[in-house]
Amino acid sequence: MPTANDMRTLAHEIFDSYETRIEGVAQIKEATQTQLNDYDEAHKTMAHELHADLTRARTDLAGCSKTQLKEFAEAHKAMGHELHAELARARTDLGQTEAVRKQEEDQRAQERAQVVA
């Protein structure tokens with residue numbers, strides 16, 4: 001049977017073990033809190049950098065969009081002028097072709113009239 005001294009030693013060892021665990025848990029909590037604070041700061045820094053990048057990108061995109069829209073408008077006008085010129089040439093060609101066709105048709109009609117007469 002254990003003596004009183006053995007029981008006292010066992011109680012001190014249990015108490016010391018408990019204190020050691022409490023200190024270990026406190027250290028873990030402190031390390032975790034420090035790490036969470038570091039992550040929070042890193043997150044805030046990253047968020048500020050991303051907001052700045054986004055602002056720059058939006059500005060660049062707006063500038064590019066305006067430039068592209070202006071270029072598209074100019075290209076559209078140029079294409080419109082080209083198409084109008086092409087249409088005018090086509091109308092002229094069509095008019096000439098129609099005049100030749102009418103002339104040939106008139107000639108055939110005269111030939112038929114001579115054959116019939």
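All figures in this text were calculated on a predicted structure; none of them were measured in a lab. Basis for what follows: all heavy atoms, side chains included, without hydrogens, waters or symmetry-related copies.
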### Query
From H43 NE2 over to H48 NE2, what is the distance, rounded to the nearest 0.5 angstrom?
10.0 Å
### Task
Look up atom CG in D40 and atom CD in Q33, then write down how far apart they are to the nearest 0.5 Å.
9.5 Å
### Message
Any side-chain to backbone donor/acceptor pair from H51 onto A47? Under 3.5 Å, distance only.
### Response
yes
### Query
Heavy-atom distance under 4.5 Å between the side chains of E86 and R89, does that happen here?
yes
### Query
Does R112 come within less than 4.0 Å of E105, counting only side-chain N to carboxylate O?
yes
### Message
Between R101 and E104, does any NZ, NE, NH1 or NH2 come within less than 4.0 Å of an OD or OE carboxylate oxygen?
### Response
no
#### Entry: Between CE on residue M79 and CD on residue E74, distance to nearest 0.5 Å
13.5 Å
#### Entry: Q103 CD: over 12 foreign heavy atoms closer than 6.0 Å
no
### Query
Do E41 and N37 have side-chain atoms, one donor and one acceptor, less than 3.5 Å apart?
no
#### Entry: Min side-chain heavy-atom separation T32-L36 under 4.5 Å
yes
### Summary
Interatomic distance, OG1@T67 vs CZ@F72, rounded to 0.5 Å, equals 11.0 Å
### Task
Give, for atom CD1 of I28 and atom CD of Q35, the distance between the pair rounded to the nearest 0.5 Å.
12.0 Å
### Task
Step through the shown structure and confirm whether more than 12 heavy atoms of other residues, nucleotides or ligands are within 6.0 Å of CD on E30.
no
### Query
Are the side chains of T97 and V100 in touch, meaning some heavy atoms are under 4.5 Å apart?
no
## Note on the structure
CZ of R58 to OG1 of T55, rounded to nearest 0.5 Å, is 7.0 Å
